[in-house]
Q: 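Just dropping this structure here.
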Amino acid sequence: MSDAPRPGVPGGRPDPDDEIPAAGSAEEPAAGPADREDPAGSTEPDGSTEPDGSTEPDGSTGPDGSTGPEGSGRTRRRRDPVAAALIGVLTLLLGFAFAVQIRVTDTEQALTGAREEDLVRILDQLEADEARLRSLLADQRSALRELNDSDSRADAALDEARRRADALAILNGTVAARGPGLIMTIRDPAGEVRVADVLDAIQELRGAGAETMQIDGVRIGVSSAVTGEPGGLRIDGEPLTSPYEIRVIGSPQDMETAMNIPGGVVDNVNRRGGSVVIAQSDSVLVDALRPLETPQYAEPDAD
């Protein structure tokens with residue numbers, strides 16, 4: 001540069017104030033990365049920025065210039081709903097407890113500040129409610145006892161009906177029966193035993209307490225009929241063959257005594273050339289059955 005004097009400056013010296021440094025010269029430092037402003041208006045110490053302008057203390061940049069691992073942000077977003085739910089539940093519990101406490105406190109304060117007449121009225125109301133509840137409880141217990149009693153009576157009636165049905169079935173000859181009794185065998189080699197002799201045997205056995213019996217495989221019932229001629233007797237149309245075997249259930253001693261009375265069945269059979277053999281037993285099986293007859297005219301009385 002020439003030292004030629006500039007106009008307006010004494011001595012030809014340039015005025016220091018008139019010197020303006022050129023752009024990019026060494027006298028004016030260039031703006032570094034730390035001096036650059038972030039487009040969102042915030043900066044971070046390590047030069048990384050968040051999309052919303054906020055900074056993260058642990059933000060880091062990768063080789064490609066992107067921000068740190070996405071796991072930290074996603075973990076925080078996953079935890080936020082759980083934390084919000086827990087906070088909501090705790091808030092509801094706290095509010096419920098607070099409401100209960102307020103109600104109890106208000107009740108206590110109301111009772112504390114109530115007049116004696118009001119307290120007496122409240123006490124009377126509580127006693128009336130208690131009496132009503134006790135009455136309801138007593139009614140329910142009474143109803144329960146009646147149901148239990150009715151069930152017991154129904155069970156007892158059912159058992160009694162079953163016993164009667166079994167007894168009637170035995171008497172009618174519709175079921176097999178077993179019990180103590182005797183087996184009586186009537187021998188008639190001459191074929192002289194008459195219908196009356198067999199009927200006398202049946203009637204004498206019934207009078208001695210016989211409950212059920214059968215003769216030669218034919219069950220004897222209330223409507224049984226003995227027919228035929230000596231040597232060709234029939235019971236309910238079924239032919240009998242000598243010797244005639246009578247199986248009967250009842251008191252063995254009483255029935256044997258009834259057969260051996262003077263002028264009774266044994267004496268009559270002996271006079272006609274026959275014989276009677278009686279054997280007592282603790283277990284006599286009567287297994288011949290009668291068909292169940294349906295009444296033609298009779299029916300149960302509804303009254």
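For the numbers below, each heavy atom of this structure counts, side chains included, while hydrogens, waters and symmetry mates do not.
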Q: Under 4.5 Å between side-chain heavy atoms, hopping through other hydrophobics if needed: is there a path connecting V284 to L182?
A: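 No, V284 and L182 fall in different hydrophobic clusters.
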Q: Flag the pair D287 / Q214 as yes when at least one side-chain heavy-atom distance between them is below 4.5 Å, and no otherwise.
A: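 A side-chain contact under 4.5 Å exists here.
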Q: Do you know the tightest heavy-atom contact between V195 and V226?
A: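 Of all heavy-atom pairs spanning V195 and V226, the closest is CG1-O, 3.3 Å.
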Q: Closest heavy-atom contact between P189 and G274?
A: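 Between these two residues, the closest heavy atoms are CD-CA, 4.2 Å.
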Q: Is I215 reachable from I183 through a run of I, L, V, M, F, W or Y residues, each pair having side-chain heavy atoms under 4.5 Å apart?
A: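 Result: no, two separate clusters.
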Q: Sequence neighbours excluded and cut-off under 3.5 Å, please list the side-chain donor-acceptor pairs for residues 228-246, or say none.
A:
| residue | atom | partner | partner atom | Å |
| --- | --- | --- | --- | --- |
| R234 | NH1 | G237 | O | 2.9 |
| D236 | OD1 | A225 | N | 2.9 |
| D236 | OD2 | S224 | OG | 3.3 |
| D236 | OD2 | R290 | NH1 | 2.7 |
| S242 | OG | D188 | N | 3.1 |
| E245 | OE1 | R247 | NE | 3.3 |

Q: Say you draw a straight line from CG of D129 to CD of E127; how long is it, rounded to the nearest 0.5 Å?
A: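 The distance works out to 10.0 Å.
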Q: List the atom pairs, with distances to 0.1 Å, where a side-chain N or O of residues 200-208 and a protein N or O form a donor-acceptor pair under 3.5 Å, not counting sequence neighbours.
A:
| residue | atom | partner | partner atom | Å |
| --- | --- | --- | --- | --- |
| R206 | NH2 | G221 | O | 2.9 |

Q: Under 4.5 Å between side-chain heavy atoms, hopping through other hydrophobics if needed: is there a path connecting L289 to I249?
A: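 As far as the 4.5 Å side-chain criterion goes, I249 and L289 are not connected within one cluster.
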Q: Are the side chains of M213 and V286 in touch, meaning some heavy atoms are under 4.5 Å apart?
A: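 No, every pair of side-chain atoms sits at 4.5 Å or beyond.
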Q: Can you tell me if N268 uses its side chain to pair, donor with acceptor, with the backbone of V265 under 3.5 Å?
A: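 No, the answer is negative, given that no donor and acceptor are paired below the 3.5 Å cut-off.
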Q: Would you find a donor on one side and an acceptor on the other, under 3.5 Å apart, between the side chain of S142 and the backbone of A138?
A: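 Side chain of S142 to backbone of A138: no pair is present.
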Q: Any donor-acceptor pair under 3.5 Å linking the side chain of S135 with the backbone of A131?
A: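 Such a contact is absent between S135 side chain and A131 backbone.
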Q: Name the one of T174, N172, T212 that satisfies side-chain hydrogen bond (donor to acceptor under 3.5 Å, both in side chains) with R219?
A: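 Among T174, N172, T212, the one meeting side-chain hydrogen bond (donor to acceptor under 3.5 Å, both in side chains) with R219 is T212.
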Q: Any side-chain heavy atom of R163 within less than 4.5 Å of one from D166?
A: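 Contact flag for R163/D166 side chains = no.
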Q: Quick one, V248 and M255 - any side-chain contact, counting heavy atoms below 4.5 Å?
A: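 Yes; the side chains approach each other to less than 4.5 Å.
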Q: Is I220 reachable from L199 through a run of I, L, V, M, F, W or Y residues, each pair having side-chain heavy atoms under 4.5 Å apart?
A: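 As far as the 4.5 Å side-chain criterion goes, I220 and L199 are connected within one cluster.
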Q: Shortest non-hydrogen contact from I170 to A177?
A: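 Closest approach of I170 to A177: CG2-CB, 4.2 Å.
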Q: How far apart are the closest heavy atoms of S281 and P252, and which atoms are they?
A: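 In terms of heavy atoms, the two residues are closest at O-CG, 4.2 Å.
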Q: State, to 0.1 Å, how close R272 and V193 come at their nearest heavy-atom pair, and which atoms those are.
A: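 Scanning both residues, the minimum pair turns out to be CD-CA, 4.5 Å.
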Q: How long is the gap from CG on L144 to CD on E146, to the nearest 0.5 Å?
A: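 Answer rounded to 0.5 Å: 10.0 Å.
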Q: Do the side chains of T257 and Q253 get nearer than 4.5 Å, heavy atoms only?
A: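 The answer is yes; the side chains approach within 4.5 Å.
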